Amino acid sequence: MAFRIPRGTVDLMPGEVEKWQYVESKARELCRRYHFSEIRTPIFEHTELFQRGVGETTDIVEKEMYTFTDRGDRSLTLRPEGTAGVVRSFVEKKVFGQPQPTKWYYIGPMFRYERPQAGRQRQFHQFGVEVFGTEEPAMDAEIIDLGVQFYQSLGLTGVKVELNSVGCPQCRPVHREQLVKFLTPRKDELCKDCQSRLDRNPMRILDCKNERCKELTQDAPKMVDCLCDECRTHFDAVKEYLDVLGVDYVLNPRLVRGLDYYTRTAFEFTVESKGSQAGTVGGGGRYNGLVKEIGGDDVPGIGFGIGIERTLLALEEQEVTLPIDYGVDCYLVTLGEEAKRQSVTLLKALRQAGCSAERDYLDRKMKGQMKAADRAQARYVAILGENELKANSIVVKELATGEQETIALDQFVDYVREGSRK
RNA sequence: GCGACCAUGGCGAAGUGGCUAACGCACCGGAUUGUGGCUCCGGCAUUCGUGGGUUCGAUUCCCACUGGUCGCCCCA
C-alpha cells in the first residue's frame with residue numbers, strides 16, 4: 001500500500017458520516033434553543049497560547065502537543081482543546097466590550113499526540129460551549145443541563161454527571177497546603193507519578209488510579225471542605241439549580257480535571273463503557289482566571305467539551321439506532337437508448353422538485369438496475385421503456401410494498417414528490 | 001513513554017515447511033430477451049504487512065521494521 005492514513009486518524013466514510021451530521025445537527029439545534037452562537041477559530045494557534053492557557057504542568061502541554069515551526073520560524077500548535085483559542089478570540093476581538101454574557105459554541109477537530117486506543121485518537125472531535133462574563137451559578141447549572149440534554153436528544157442513556165468544586169486562587173492554596181502536609185509523611189508509599197505530583201500539582205494525586213494511592217488519600221483533606229465562603233456559596237447554588245432543573249448528579253470530591261485553568265465548578269459526563277478510556281464522554285468547568293491569563297480583563301468563563309467519537313461509541317454500545325435515511329427517493333430504470341436519453345431531464349425535474357433521484361450509469365440490464373435500486377434503498381423505482389415512451393407514461397413501483405402503477409409522464413414528478421413526503 | 005496480542009482477496013475468516021492458498025459475505029454474469037429482496041449455477045488472491053535470515057524449498061520457523069487492536073499513563 002503506497003500511502004496510509006496517519007496514525008490515530010480515521011476516514012469518516014459515507015454511511016458513518018451521516019451519523020456525524022445527525023449528531024452535529026442535534027448540537028446546533030440545542031445551541032440555538034439555549035441561544036448560543038457558533039464560533040469557528042483556527043485549528044492551530046501560537047504554541048504559547050496553549051502553554052499559558054492549558055497550563056505548563058499538564059500532560060497535554062508536556063507531551064501531547066502537535067507543535068511545528070512554520071516557514072516564518074513561528075512555533076505553532078494544532079489545538080489540543082477548544083477553550084484556549086476561543087478565549088484568545090474573545091480577548092483579541094475585544095468582545096468583552098459588548099453586552100455580556102457571551103455564549104458561544106464550536107464543533108471541530110482537536111489534536112493530541114498519544115497512543116491510540118479505544119475511544120482515543122490523535123485527531124478527535126469536540127462539541128464545546130463557552131460562556132464569558134458571568135459568575136452566576138445558574139449558568140453553571142444550565143451548561144451542565146445543556147450537556148445532559150445533548151446526550152438525551154441522541155437517545156443515549158445512563159449518562160452520569162460527576163460534580164466537584166476545585167475552589168479558587170484564594171482557597172485552593174489552603175487545601176493544597178493541607179494536602180501536602182497530609183501526604184508528605186507518606187510520600188515514600190505513593191507511586192512514582194504521585195511523588196512528583198506532590199511538588200507540582202498535588203491535587204492530581206487525588207485522581208490517581210493506583211490502588212495504594214487511593215488508600216493513602218482515603219482520608220486526605222478534601223477540596224470541598226476547604227472552600228472559601230464565596231466558593232462554598234457558589235457551589236451550593238449550583239447544586240440547588242441543578243436540583244431545580246431536575247439534573248441528577250454525583251458529587252465526586254476526587255474529580256480534578258487535567259487542565260490547570262479550572263476554578264470552582266468542575267464536572268464530567270460519564271457513561272458505562274467497555275473501553276477504559278471511553279467512559280468519559282465529556283467534561284468541563286469554570287475558568288475564572290483564564291481570560292486574564294490570556295491577556296484580557298478579569299472576565300469569568302465556563303464551558304464544556306464533549307467528545308463526538310466517544311458519544312458515538314457509547315451510542316453504538318447501547319445499540320441506539322439514529323434515525324437516518326440513507327435511501328434515495330426515486331431510482332430511474334431505463335430500457336433502450338431513447339429512454340436513457342430522456343432520463344437526464346426526468347432526473348433533473350425530480351431534483352428540482354426537491355427529491356433525490358438516481359439512475360444507472362453502467363449500462364446494466366433491467367435486473368441489474370432493479371438490484372441497484374434496491375441497494376440504493378430507493379423508495380420508488382420508475383421504469384421508462386419503449387411502451388411507456390409511446391404512451392407518454394411511466395411505471396412507478398414502490399419497493400417496500402411491491403405495488404406499482406402506470407401514470408402519465410406529466411404527473412410523474414408530483415407523484416414522487418408527494419410520496420416522498422410521507 | 002511502557003506492556004500484551006495480532007497482520008491471509010473489497011470485508012470476515014481457515015490453513016500447511018513443499019507442486020492449483022478452504023469457506024462465508026460483498027461484487028459481477030447467467031438461470032428469468034421489461035421488474036429488486038429468496039433459490040440455483042458460474043466468475044472473483046500473478047508481493048499470504050515490509051525487509052532480512054534459516055532451509056533444497058516459507059504464507060507457514062527466527063529477527064527487525066511498519067501498522068493495527070487492547071491495556072497503563074492521561075484525557076474527549
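Residue numbers start from 1 in every chain, and the chains themselves are labelled A, B, ... in the order their sequence lines are given, proteins ahead of strands. Worth saying up front: this structure is predicted, and the values here are computed from it rather than measured. As a basis for the values below, the full set of heavy atoms in this structure was taken, side chains included, without hydrogen atoms, waters or symmetry mates.
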Which is true for [X] with a 4.0 Å heavy-atom rule: it touches a base, it touches only sugar-phosphate, or it touches nothing?
X        : answer
A:Glu81  : nothing
A:Ala118 : sugar-phosphate
A:Val381 : nothing
A:Gly119 : base

Grab the [atom1]-[atom2] distance between [X] and [N] for me, whole Å please.
X        : N     : atom1 : atom2 : result
A:Asn387 : B:G34 : CG    : P     : 10 Å
A:Gln377 : B:G36 : CD    : C1'   : 13 Å
A:Asp363 : B:G29 : CG    : P     : 11 Å
A:Leu332 : B:G36 : CG    : P     : 17 Å
A:Met366 : B:G34 : CE    : P     : 8 Å
A:Glu317 : B:C70 : CD    : P     : 11 Å
A:Arg122 : B:A76 : CZ    : C1'   : 16 Å
A:Phe267 : B:A76 : CZ    : C1'   : 13 Å

Could you tell me whether the side chain of A:Gln123 has a donor or acceptor atom within less than 3.5 Å of a complementary atom in the base of B:A76? no
Base of B:G34 paired with side chain of A:Gln369 (donor-acceptor, under 3.5 Å):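 No, the side chain and the base share no sub-3.5 Å donor-acceptor pair.
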Result for 5'-nearest mapping on RNA chain B, choosing between A:Glu398 and A:Phe269, is A:Glu398
Result for 5'-nearest mapping on RNA chain B, choosing between A:Gly8 and A:Gln404, is A:Gln404
Kindly compute the distance separating NZ (A:Lys19) from CG (A:Leu12), expressed to the nearest 0.5 Å.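 Reported to 0.5 Å precision, the distance equals 10.5 Å.
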When rounded to the nearest 0.5 angstrom, what distance separates CD in A:Gln369 from CG in A:Leu335?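 That separation rounds to 6.5 Å.
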Same-atom distance ([atom1]) from [N] to [M], integer angstrom:
N     : M     : atom1 : result
B:A14 : B:A7  : C1'   : 15 Å
B:A4  : B:G43 : P     : 46 Å
B:C40 : B:C23 : P     : 15 Å
B:C38 : B:A21 : P     : 31 Å
B:C27 : B:G12 : C1'   : 15 Å
B:G53 : B:G17 : C1'   : 15 Å
B:U69 : B:G57 : P     : 37 Å
B:C75 : B:G71 : C1'   : 15 Å

Which pairs pass salt bridge (charged side-chain N to carboxylate O under 4.0 Å, His left out) with one or both residues in residues 114-128 of chain A, sequence neighbours excluded?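 Checked against salt bridge (charged side-chain N to carboxylate O under 4.0 Å, His left out) - neighbours excluded - the pairs reaching residues 114-128 of chain A are A:Glu114-A:Arg120.
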Can you list every pair that meets salt bridge (charged side-chain N to carboxylate O under 4.0 Å, His left out) and has a residue in residues 392-412 of chain A, with sequence neighbours left out?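 Listed by first then second residue: A:Arg379-A:Glu398.
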Looking at the side chain of [X], which of [options] is the nearest nucleotide?
X        : options             : value
A:Arg310 : B:C75, B:G34, B:C72 : B:C75
A:Met370 : B:U35, B:G34, B:C73 : B:U35
A:Leu335 : B:G34, B:C70, B:A76 : B:G34
A:Arg112 : B:C73, B:A76, B:G34 : B:A76
A:Lys397 : B:C70, B:G36, B:C73 : B:G36
A:Ile383 : B:U35, B:A76, B:U69 : B:U35

Look at the rings of A:Phe269 and A:Phe304 and say which category their plane angle falls in: under 30° parallel, 30 to 60° tilted, over 60° perpendicular. perpendicular
Under 3.5 Å side-chain donor-acceptor pair for A:Arg254 and A:Thr217: yes
For A:Tyr287 and A:Glu293, which I'm curious about, is there any donor-acceptor pair between the side chains at under 3.5 Å?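 Result is no, nothing qualifies.
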Mind listing the closest non-hydrogen atom pair of A:Gly8 and A:Gln121 along with its distance?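 Nearest pair, atom of A:Gly8 first, then A:Gln121: O-CB, 3.2 Å.
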Might you point out which heavy atoms bring A:Glu309 and A:Phe124 nearest each other, and give the distance in Å?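 In this case the closest contact between A:Glu309 and A:Phe124 is OE2-CA, 3.3 Å.
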Answer yes or no: is there a side-chain heavy-atom contact under 4.5 Å between A:Arg359 and A:Lys340?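 Contact flag for A:Arg359/A:Lys340 side chains = yes.
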Do A:Leu399 and A:Gln377 have side chains that get closer than 4.5 Å, going by heavy atoms?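 When only atoms from C-beta onward are counted, A:Gln377 and A:Leu399 do not touch, as no gap falls below 4.5 Å.
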In dot-bracket, 5' to 3', how would RNA chain B read with Watson-Crick or G-U wobble pairs under 3.5 Å, [ ] for crossing ones and | for pairs to another strand? (((((((..(((.....[....))).(((((.......))))).....(((((..]....))))))))))))....
Going through the distances and angles, do A:Asp59 and A:Lys63 end up as a salt bridge (Lys or Arg N to Asp or Glu O under 4.0 Å)? CA-CA 6 Å; A:Asp59 277 24; A:Lys63 51 184 196 190; 3.6 Å; yes
Would you be so kind as to tabulate the donor-acceptor pairs closer than 3.5 Å made by side chains of residues 22-36 of chain A, with sequence neighbours excluded?
residue, atom, partner, partner atom, Å
A:Ser25, OG, A:Gln21, O, 3.4
A:Ser25, OG, A:Tyr22, O, 2.7
A:Arg28, NH1, A:Glu38, OE1, 2.7
A:Arg28, NH1, A:Glu38, OE2, 3.4
A:Arg28, NH1, A:Tyr105, OH, 3.4
A:Glu29, OE1, A:Arg32, NE, 3.1
A:Glu29, OE2, A:Arg32, NH2, 3.0
A:Glu29, OE2, A:Arg33, NE, 2.8
A:Glu29, OE2, A:Arg33, NH2, 3.4
A:Tyr34, OH, A:Asp145, OD2, 2.9

Protein and nucleotides 24-28 of chain B: nitrogen or oxygen contacts under 3.5 angstrom:
residue, atom, partner, partner atom, Å
B:C27, OP1, A:Arg375, NH1, 3.1
B:C28, OP1, A:Arg364, NH1, 3.1
B:C28, OP1, A:Arg375, NH2, 3.2
B:C28, OP2, A:Arg375, NH1, 3.2

Can a salt bridge be assigned to the pair A:Arg417 and A:Asp414 using a cut-off of 4.0 Å between side-chain N and carboxylate O?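 Looking at A:Asp414 together with A:Arg417, the answer is yes, because their closest N to O distance falls below 4.0 Å.
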It should be established whether A:Gln117 places a side-chain nitrogen or oxygen under 4.0 Å from OP1 or OP2 of nucleotide B:G71.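 Yes, A:Gln117 has a side-chain N/O under 4.0 Å of OP1/OP2 on B:G71.
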Short N/O separations, protein against nucleotides 4-8 of chain B, under 3.5 angstrom:
none

